[in-house]
Q: 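Pasting in a structure now, in structure tokens, and then I'll have a few things to ask.
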Amino acid sequence: MSERVFNFAPGPAVLPEEVLREAQADLWNCDRSGIGILEQSHRGAVVDRLFAEAEADCCKLAGVSDDYSVLFLQGGASTQFFMLPAYFLAGNSTADYLNTGSWSKKAIKEARLYGKVHVACSSEDANFSYIPRSEEIRYSEHPTYVHYTSNNTIFGTEFQTAPNPPGGAWLACDCSSDIFSRPIDVSHHGLIYAGAQKNLGPAGTTLVILRKDLLDRCVRELPSMLRYDLLAKEDSRYNTPPVFGVYIIGRVFKWLLARGGLGAMAKQNADKAKLLYDVLDSSGFYRGPARSDSRSLMNVVFRAPSEELEKKFVAEAGKQGLVGLKGHRSVGGMRASIYNAFSLAGCEALVEFMRDFEARHG
Ligand SMILES: *Cc1c(COP(=O)(O)O)cnc(C)c1O
């Protein structure tokens, strides 16, 4: 298959066509420097400008104030799982974690290496099919911070509003799979992080937005590469940074701004997801395991009546250019990941296929 397909993959995921085409040209010659983007010095003028613009556009896009640092780091969200507690969680202190899925569990596991973890709520009892309501959350006495996963990529659930940590605690968010898919109140958070490969760019590059006053709160001696304060001071370039990743993320920020920013994205994402959820709600054939008040606009998880039919669904869809629909093995069934860069046309094509498949097998 030589032409591009509708790629519903959960991550690495589809990127905006305009960004990919621009990157193709910039691989050869970036900014009329005669040097391609992969060959640029990370201390040179082209990369200086690129980092400065990516940071400024991030702030513009999400309304990030001067009280925050924007960092482009490495190692993916999984590195933030340990980097955050290593820096902030003292051995005798407690952090509260909201357990809403596999990624939350991994974050909890890493935090336990450094201090005490209080699981303030969990939806594991129902295979993570819902987001606990605020009155179901039991915070500990004096947590250093509260950590949540805003969108649960595997289970297809998403916080509709950010939790409210108890006084004195700041809020940390793993925003990997819904970052900049809707407006975000950065000022409500102490630290936000996202692996880039869902909504922003290439895997490995990691966006971290953190409140500057937290930089002074490192609780233990750490290697330089784990020091947020040092990385902030060095403008994310303590060592050779993932320049290409930051380049793509910067282009995606510009693409988002040109499309009307996060408010416009929220509207488009809601429209896309509604197409798919409407099929689930009007069908006796498909079923969505996520509780309706907890549904994700980024990952639409659904089942067919039997595993055999699900296999058939994924295979037949693939033949029609609808690719990456197999659900995560811990949930089964299907999952349509429809991040910012995924088109409405792709959702419409899936709806048509779903209705046709139901008509043939229902
Ligand atoms: C994909 C994902 C991760 C893992 O990201 P890596 O960059 O592979 O470490 C963590 N959290 C969430 C919510 C994710 O969707």
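In each ligand, atom 1 is the first atom listed, and ligand 1 is the first ligand listed. Count residues from 1 along the sequence.
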Q: Compute the ring centroids of F313 and F302, then answer whether they are less than 6.0 Å apart.
A: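 Under 6.0 Å, so yes.
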Q: Let me know which of Y228, Y114, F82 forms a ring-ring contact (aromatic ring centres under 6.0 Å, His included) with F88.
A: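 Considering Y228, Y114, F82, a ring-ring contact (aromatic ring centres under 6.0 Å, His included) with F88 is found only for Y228.
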Q: Mark up the atoms of ligand 1 that fall under 4.0 Å of a heavy atom belonging to S176, in ascending order.
A: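 Per the distance check, 10 (C), 11 (N), 12 (C), 13 (C), 14 (C).
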Q: Do the non-hydrogen side-chain atoms of F155 and T149 ever get within less than 4.5 Å of each other?
A: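 Not in contact.
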Q: How does S78 reach ligand 1, by side chain, by backbone, by both or by neither, if only non-hydrogen atoms under 4.0 Å count?
A: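 The answer is both.
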Q: List ligand 1 atoms under 4.0 Å from S177, heavy atoms only on the residue side.
A: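 Once the distances to S177 are compared, the set is 13 (C), 15 (O).
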Q: Short list, please: which atoms of ligand 1 are under 4.0 Å from a heavy atom of G76?
A: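 So the atoms of ligand 1 that pass are 7 (O), 9 (O).
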Q: State whether D213 and R217 are salt-bridged, where the test is any N-O pair (Lys NZ or Arg NE/NH1/NH2 against Asp/Glu carboxylate O) under 4.0 Å.
A: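 A salt bridge links D213 with R217.
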Q: Taking distance alone, with no angle check, do K198 and ligand 1 share an N/O pair under 3.5 Å?
A: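 Such a contact does occur with ligand 1.
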Q: Let's go through R138 and D96 carefully: what are the C-alpha distance in whole Å and the side-chain angles of both, what is the deciding distance for side chain to side chain contact (heavy atoms under 4.5 Å, CB included) to 0.1 Å, and is it a yes or a no?
A: CA-CA 9 Å; R138 298 273 174 270; D96 285 10; over 6 Å; no
Q: Pull out every atom of ligand 1 sitting under 4.0 Å from any heavy atom of T149, numbered as shown with elements.
A: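 Every atom of ligand 1 under 4.0 Å from some heavy atom of T149: 13 (C).
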Q: Show which atoms of ligand 1 fall inside a sub-4.0 Å distance from at least one heavy-atom site of N151.
A: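 This gives 13 (C) as the contact atoms.
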Q: Can you tell me the protein heavy atom closest to atom 15 (O) of ligand 1 and the distance?
A: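 The closest one turns out to be T153 OG1, 2.4 Å.
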Q: With a heavy-atom distance limit of 4.0 Å, tell me whether F81 approaches ligand 1 through its side chain, its backbone, both, or neither.
A: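 The answer is the side chain of F81.
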Q: Nearest to atom 11 (N) of ligand 1, what protein heavy atom do you find, and at what distance?
A: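 Protein heavy atom at minimum distance: D174 OD2, 2.6 Å.
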Q: K105 and F128: which non-hydrogen atoms are nearest, and at how many Å?
A: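 Where K105 meets F128 most closely, the heavy atoms are CD-CZ, 3.9 Å.
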Q: Please determine if E316 and R360 form a salt bridge, counting it only when a charged side-chain N lies under 4.0 Å from a carboxylate O.
A: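 Salt bridge present between E316 and R360.
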Q: Look at atom 5 (O) of ligand 1 and find which of A77, A203, C175, A194 reaches it with the closest heavy atom.
A: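 Checking each option, the heavy atom nearest atom 5 (O) of ligand 1 is found in A77.
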Q: Side-chain donor-acceptor pair under 3.5 Å between Y339 and N269, yes or no?
A: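 Judged by distance alone, the side chains do not pair up.
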Q: Any idea which atoms of ligand 1 are less than 4.0 Å away from a heavy-atom of Q197?
A: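 So the atoms of ligand 1 that pass are 5 (O), 6 (P), 7 (O), 8 (O).
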